[in-house]
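To find a chain, count down the sequence lines: A is the first, B the second, and so on, and within it residues start at 1.
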Amino acid sequence: DSGVTQTPKHLITATGQRVTLRCSPRSGDLSVYWYQQSLDQGLQFLIQYYNGEERAKGNILERFSAQQFPDLHSELNLSSLELGDSALYFCASSVVEGKTEAFFGQGTRLTVV
Amino acid sequence: GENVEQHPSTLSVQEGDSAVIKCTYSDSASNYFPWYKQELGKRPQLIIDIRSNVGEKKDQRIAVTLNKTAKHFSLHITETQPEDSAVYFCAASMRSNTGKLIFGQGTTLQVKP
């Protein structure tokens, strides 16, 4: 167990819908990262938050947004879902930025039908 | 741009043989290089990492080497075992020093008994 908790583990929804994925980082970790992993694909960086502030953005679609709350948990919001959004979404956390290892949660498997 | 190239995409070895996976990165300011192992449907798990002030690091059967001049780093697994079979990802932290990790495309390692 990495200490990073993601909910839900599985999510099935229809095209056009909106979903929210939740991530609780390890205790003490201030930095949260979101990654997307499509079938047989690598890990695509989406966005990073540090202590409540957005710090870095990757190839995140405009239909996607995220935030980190005062208690440091983070949510990734995906709207106007398309079939191609089906993927594993991972959250990772680290103590500080760029200097310590990142621990991954178990992921949320999103299926858009 | 921010890029990490990983080779080979698939690697098949006999049990007991060595396996080598290579990565090159684009950002000369990258200073942290972790390797993750991902089993099917599970979260990536850190197996070893190296920082830019070190040329080599070893942990039992696993070693990583870094050549900053050439901007490449490699994972070496000796005495491979069937349980080493998984997808391995290299990653590099990017210039922004936010800890954003850019991942390689992954290598599927198969260790045949």
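Taking 4.5 Å as the limit, every side-chain heavy atom of B:Leu109 sits out of range of all side-chain heavy atoms of B:Ser85.
Contact annotation for B:Pro34: neither backbone nor side-chain heavy atoms come within less than 4.5 Å of a heavy atom of chain A. Neither the backbone nor the side chain of B:Gln6 comes within contact range of chain A; no heavy atom of the residue lies under 4.5 Å from a heavy atom of that chain. Contact annotation for A:Lys9: neither backbone nor side-chain heavy atoms come within less than 4.5 Å of a heavy atom of chain B.
Taking the six-membered ring where the residue is Trp, the centroids of B:Phe103 and A:Phe45 are separated by 6.0 Å or more.
Atom NZ of B:Lys68 sits in a crowded spot, with more than 12 heavy atoms from other residues, nucleotides or ligands closer than 6.0 Å. Counting non-hydrogen atoms of neighbouring residues, nucleotides and ligands closer than 6.0 angstrom, the CG atom of A:Asp71 exceeds 12 such neighbours.
Interface remark: of the candidates B:Gly106, B:Gly41, B:Pro44, B:Pro44 forms the most heavy-atom pairs closer than 4.5 Å to chain A.
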